[in-house]
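Before any comments, here is the structure.
Lettering of chains follows the sequences in order, A, B, ..., and the numbering in each one begins at 1. What's counted below: heavy atoms across the whole structure, side chains too, no hydrogens, waters or symmetry copies.
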Amino acid sequence: MARKLPRKDVVIIGLGWTGSLLANELTDAGLDVVAIERGPWRDTATDFSPAQSPDELRYAIRLDLFQRPAQETYTIRHNAQQTALPIRQFGAFLPGTGVGGAGAHWNGHTWRFNETDFRLRSHLTSRYGADAIPEDMSIQDWAVSYDDLEPFYDAFEKIAGISGKAGNLRGQIQEGGNPFESPRQNEYPLPPLKDNYSNELFAQAARSMGYKPFSRPCSNASQTYTNPLGVTMGPCTYCGFCERFGCGNYSKGSPQTCVLPVLMRKSNFEARTNSEVLKILKHPSGERASGVLYVDASGETFEQPADIVLVCPFGLHSVRLLLLSGIGTPYDPVTGEGTVGKNFAYQTSGSARLFFEGKHFNPFIAAGGFAQCIDEFNGDNFDHGGLGFVGGACIATSNTHGRPISSSQIVPPGTPQWGSGWKKQLADTYQNSMLVSGQGSSYSYRDCYLDLDPTYTDRFGRPLLRMTFDWKDNERKMTKFIAEKCVEIGKTMGAKTIAASTSTENPFSVVPYQTTHTTGGAIIGDSPKNSVVNRYMQSWDLHNVFVMGASAFPQNPGYNPTGTVAALALWASHAIRTQYLQQNGPLVRS
Amino acid sequence: MKHLSFPQLHKAVYTLGLLAGVLTTSSSAIAADDAYFETLQKGLYLTRAADCQACHTAPGGIPFAGGLNIKTPFGTMISPNLTPDVETGIGGWSDQQFLMAVKHGIRPNGRKIYPALPYNYYTKVTDEDALAIKAYLNSLQPVRNPVVANQLPFPFSIRYVVTGWNMFYFTPGDFKPNQNKSEEWNRGAYLVDGLGHCGACHTPRSILGGETSAYLQGTEIEGFTAPNITSDKRVGLGDWSVDDIVQYLKTGRNHITAATGPMAEVVNLSTQHLTDADLKAMAVYLKDLPGGGDKAPIPLAATDSVMKAGQAIYIDNCSACHASNGAGAYPIFPSLKGNAIVQSKSTATLRHVVLNGAKSAVTDTAPTAPAMPAYNWKLNDDQIAAVLTYIRNSWGNAAAPVSASEVKDTRSSLAVSH
């Protein structure tokens with residue numbers, strides 16, 4: 001029997017980026033907020049000290065900060081004819097756990113989506129005709145526009161201390177920025193990181209090919225910075241321990257670096273760690289949730305009543321929690337009915353590994369988002385007429401790290417696999433190799449979805465989430481096209497050997513790391529028939545439940561998700577404060 | 001779900017309360033109420049300026065309920081309960097009894113108070129201010145917490161020894177303004193010498209625990225350096241502007257340094273709450289105090305083998321935050337270059353923070369509270385001595401080298417205190 005706790009105004013499930021941003025805003029509005037976080041407490045001083053955090057074996061190989069499959073995993077199959085099996089070791093994507101969530105150990109790429117991304121189906125239909133969209137492709141418009149989100153993108157960029165150069169300032173194209181970005185009201189709060197040699201080489205080649213290279217906007221602070229909440233970030237040291245690591249230098253935007261120092265001082269906020277929400281509880285009225293049921297580290301279960309339930313874990317967990325709690329109708333790929341689990345998508349890549357001679361790239365000078373990019377082949381920035389696919393990718397250098405264990409995997413084709421020949425080549429390659437890579441869109445399909453597994457359960461006996469997913473022809477063609485563009489740039493840069501590859505050549509595999517950008521399953525839309533949440537991220541079914549995260553993306557564009565995830569959270573927070581608190585109920589009439 | 005609309009709810013309650021007040025309270029009662037409120041506000045401010053909470057609160061305990069172990073060179077004292085509980089706190093004290101205790105070190109029962117209570121400073125506080133503090137303390141929730149303050153060993157356990165101490169070191173009497181100085185200077189002196197009792201930590205002590213004449217010229221406290229806070233240019237505040245001092249006391253940091261250790265607590269509980277005008281007054285006064293005038297030694301040569309080793313350790317372990325030129329990154333990472341505490345005669349803070357790490361002050365205006373990691377597991381005594389010697393003699397700094405045996409002593413004492 002669960003122990004019933006005193007009511008709170010707001011219960012937040014998961015204390016990562018969205019949870020901490022919302023907690024901060026709603027405590028400012030005077031509400032009493034509790035966050036329930038599955039993993040441990042983590043802060044920069046205690047857990048990410050610079051004397052200990054650059055430990056590749058512990059964090060990058062043994063994945064110290066990540067979710068363990070024993071805590072929660074997923075089953076996977078390529079299509080509905082197969083029987084799904086559980087992932088027993090995470091590889092392709094790495095869900096986070098603990099305070100800060102994935103925001104603690106991300107790289108920091110912080111993009112805005114293009115305004116056409118938010119009205120993808122109508123845009124592609126009007127430009128190329130309905131026939132250009134494959135029949136089984138289930139892409140949708142978002143029900144929220146770029147203009148709606150612009151102020152909230154801006155707010156997040158200021159909170160997280162994003163380094164970058166505007167490319168489109170209120171409609172004026174800016175030299176050195178991304179000319180394809182949708183208009184922004186303000187410059188980035190910090191200038192771009194300083195380029196290294198591989199970035200300069202890439203930018204030079206790109207310019208000579210007529211492209212407009214720019215520095216990738218990222219949450220790696222190029223200078224000391226104090227954000228609007230009063231929290232200070234230190235300048236990035238280009239140490240190359242971002243992704244999979246906590247930042248010990250207070251340089252990478254994260255809940256720890258940007259929000260928690262302020263949030264944790266508030267008397268109307270409480271964080272309960274090592275506590276996992278089992279279920280969102282429905283009120284007998286059927287119109288709202290009454291709170292959540294959770295279990296703490298000792299195994300005791302509690303009922304936490306609350307007036308607002310904010311679902312803020314990693315997107316896959318949000319979808320599973322909705323399914324386990326019986327909120328909304330599960331998606332049925334055969335009939336197309338139901339919405340929860342619909343439009344699961346991922347991210348693609350096409351890339352070229354370049355091998356040079358006589359260079360000194362010094363790849364250890366690195367940072368998570370540190371890159372030069374071109375956006376000519378992303379989204380619908382180029383004419384897809386006659387190409388036979390839609391979507392695209394941002395093509396960029398990759399300077400995330402030069403760490404020894406991972407770098408030892410990189411040698412040119414034809415190198416001996418062991419012994420002195422391998423050693424000699426590895427030593428040479430370390431300074432002479434770089435990657436040009438396009439991280440691309442992954443559009444959604446009717447038969448790619450999430451539901452509850454009929455066989456496998458977690459340690460509490462709850463069904464695991466089942467992923468049914470594989471690559472489609474559209475994405476294969478697109479990534480091949482992108483890889484070819486990467487090769488062309490590599491040739492212009494003077495690479496001696498080039499190894500091209502795409503992530504879509506073989507059926508989707510959970511083994512090699514790709515990205516942790518799983519999207520969809522609790523998507524945003526203009527009607528309860530086609531979506532789980534309305535334009536304010538509010539559940540169509542229970543009006544006091546708001547579901548944050550990339551689970552809301554109807555499909556995944558060719559940009560990293562965090563900027564948009566955060567902007568959506570701040571947009572939803574604004575709607576809660578200015579509309580929902582005044583009149584509790586559905587903010588959009590269905 | 002109407003009960004959710006907090007702004008309206010709050011407003012409604014407020015309006016009701018206001019109406020009730022108008023209906024039931026006479027105007028003179030309101031005026032008296034206003035005066036009482038102002039006294040409490042003043043009392044809260046002065047209680048913070050006097051930093052009563054720091055000593056009169058046990059770790060994790062109720063503020064002002066006492067129970068903190070205070071280590072003195074003569075043994076341990078436990079801080080008494082200042083809440084208005086009649087039996088175990090100060091609830092039964094008259095105004096006169098409070099003034100005698102705070103300003104003269106004499107309890108209501110006539111016994112002497114050990115000078116762990118800095119009555120030798122508080123004696124300068126006006127009766128009006130001291131009684132405002134009492135009014136504030138009396139407004140707190142009474143907490144029953146009996147404390148036996150005196151835990152001292154013989155012969156210090158005999159309170160009579162305090163009489164002797166008082167003969168040497170205690171000059172009772174209110175603050176006397178210096179007519180040759182500005183009003184601001186005098187306000188600063190009142191705060192620094194009286195309520196702030198800065199000298200309790202920053203003035204070197206005699207063997208009997210009394211103040212020496214080297215007023216505020218720096219010493220050690222609780223294993224940390226309490227630096228010189230006079231106008232001394234090298235190891236004091238001589239190179240700090242008035243604004244630098246105000247900023248330090250307000251936020252816990254400035255472009256030169258950051259508060260850590262006991263001073264972080266002082267900033268957190270006390271100085272961050274003071275008005276800019278009062279902080280400026282303190283700064284003006286401190287900058288007018290004479291320093292010790294010690295000459296800088298000739299810095300060790302960069303080619304010295306210890307300096308070279310120190311530099312290598314510094315680059316690997318320290319430069320990511322403090323920068324290779326020692327300038328740090330204001331306002332998050334303190335500068336080491338030109339930092340008085342780096343060049344002080346006492347290296348206690350340096351040894352302490354490198355071995356154990358440190359967290360800088362957390363304040364309303366600077367909530368980040370960045371921390372430095374501990375290196376006790378990573379660097380040995382020789383390595384720590386070398387890197388400290390390096391930072392004390394680089395970028396224009398000059399100070400005596402640090403020996404491995406000093407580091408070893410600190411390592412042992414920190415190991416014991418844990």
Other residues, nucleotides and ligands only: do more than 12 of their heavy atoms fall within 6.0 Å of [atom1] on [X]?
X        : atom1 : answer
B/Lys408 : NZ    : no
B/Ile62  : CD1   : no
A/Lys266 : NZ    : yes
A/Lys8   : NZ    : yes
B/Gln141 : CD    : no
B/Lys337 : NZ    : no

(Q) Using a 3.5 Å distance criterion without hydrogens, assess whether the side chain of B/Tyr330 forms a donor-acceptor pair with backbone atoms of A/Thr224. (A)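 A pair under 3.5 Å: no.
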
Q: Could you tell me which of A/Thr237, A/Asn249, A/Asp43, A/Val262 has the largest number of non-hydrogen atom pairs under 4.5 Å with chain B?
A: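 Most pairs with chain B among the choices: A/Asn249.
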
Q: For chain B, find which of A/Ala45, A/Ala51, A/Ser251 contributes the most heavy-atom pairs closer than 4.5 angstrom.
A: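 The candidate making the most pairs under 4.5 Å is A/Ala51.
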
With a 4.5 angstrom heavy-atom cut-off, could you sort out which part of [X] is near chain A: side chain, backbone, both or neither?
X        : answer
B/Ala329 : both
B/Asp364 : both
B/Ser360 : neither

Select one option (side chain, backbone, both, neither) describing which atoms of [X] are under 4.5 Å from chain B's heavy atoms.
X        : value
A/Thr226 : side chain
A/Met233 : backbone
A/Thr232 : both

Q) Are there residues of residues 373-380 of chain B that reach to under 4.5 Å of chain A by heavy atoms, and which ones? A)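 Heavy-atom contacts from residues 373-380 of chain B to chain A are B/Pro373, B/Ala374, B/Tyr375, B/Trp377, B/Lys378.
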
Q.
Can you give me the closest heavy-atom contact between B/Pro367 and A/Gly230, atom names plus distance?
A.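 Scanning both residues, the minimum pair turns out to be CD-O, 3.2 Å.
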
Q) What are the two closest non-hydrogen atoms of B/Phe333 and A/Pro235, and how far apart are they? A)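 Where B/Phe333 meets A/Pro235 most closely, the heavy atoms are CE1-CD, 4.4 Å.
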
(Q) Would you compute the distance between atom CG of A/Asn227 and atom OG1 of B/Thr368 and round it to the nearest 0.5 angstrom? (A)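 Those atoms lie 7.5 Å apart.
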
